[in-house]
Amino acid sequence: MKEHSHENKPQFSTTQIGDYQLILLNDDNNTFDYVIQTLVEVCQFDYEKAEQCALITHLKGQYPILSGDKKTLEALSGHLQAKGIGSKIQKK
């Protein structure tokens, strides 16, 4: 497992209700700690929510972690992917 560098926390509003979901994808490349830390930084989750999302994603293979408008979720997905975390946007 690789160690990854830390970047500044992007500022996003993730409280919007919308027609799209941000789906977190499981992988075998990242540690739980790295995924949790990245969710805290990028999605502004608290530690417990990030930990739950990481665990459920690991067990199910993928998990919808946020709902919102397409543009906001695409930006968040791009930041996750830039940090090596797999994600996709899906219409509800």
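A quick note: this is a predicted structure, and the numbers were derived from the prediction, not measured.
- Proximity of L22 to P64: side-chain heavy atoms (C-beta onward) are nowhere separated by under 4.5 Å.
- Annotation for L73 and Y20: closest pair CD1-O, 3.4 Å, computed over non-hydrogen atoms.
- Between L39 and I36, the closest side-chain pair of non-hydrogen atoms is not below 4.5 Å.
- E41 and Q37 are linked by a side-chain donor-acceptor pair at a separation below 3.5 angstrom, with hydrogens and angles left out of the test.
- Counting heavy atoms from C-beta on, the side chains of I85 and V35 come closer than 4.5 Å.
- Considering NZ of K71 and CG of L76, their distance stands at 13.0 Å, rounded to 0.5 Å.
- Listed for the N30 side chain is a donor-acceptor partner under 3.5 Å among the backbone atoms of G84.
- At least one side-chain heavy atom of L80 sits under 4.5 Å from a side-chain heavy atom of T38.
- Identified under the side chain to side chain donor-acceptor pair (under 3.5 Å) test for residues 56-66, with sequence neighbours left out: Q62-K88.
- Within the model, atoms CZ of F32 and CG of L55 stand 6.0 Å from one another, a figure rounded to the nearest 0.5 Å.
- Taking 4.5 Å as the limit, some side-chain heavy atom of S87 sits within range of a side-chain heavy atom of Q81.
- Contact of the K92 side chain with the D19 side chain is not registered, since no non-hydrogen atoms from C-beta on lie closer than 4.5 Å.
- To the nearest 0.5 Å, atoms SG (C43) and CD1 (I65) are separated by 4.0 Å.
- Neither V42 nor I23 shares a network with the other; the hydrophobic side chains, linked directly or stepwise wherever heavy atoms of I, L, V, M, F, W or Y lie under 4.5 Å apart, form separate groups for each.
- A distance-only check finds a donor-acceptor pair linking the side chain of Y34 to the backbone of K83 [under 3.5 Å].
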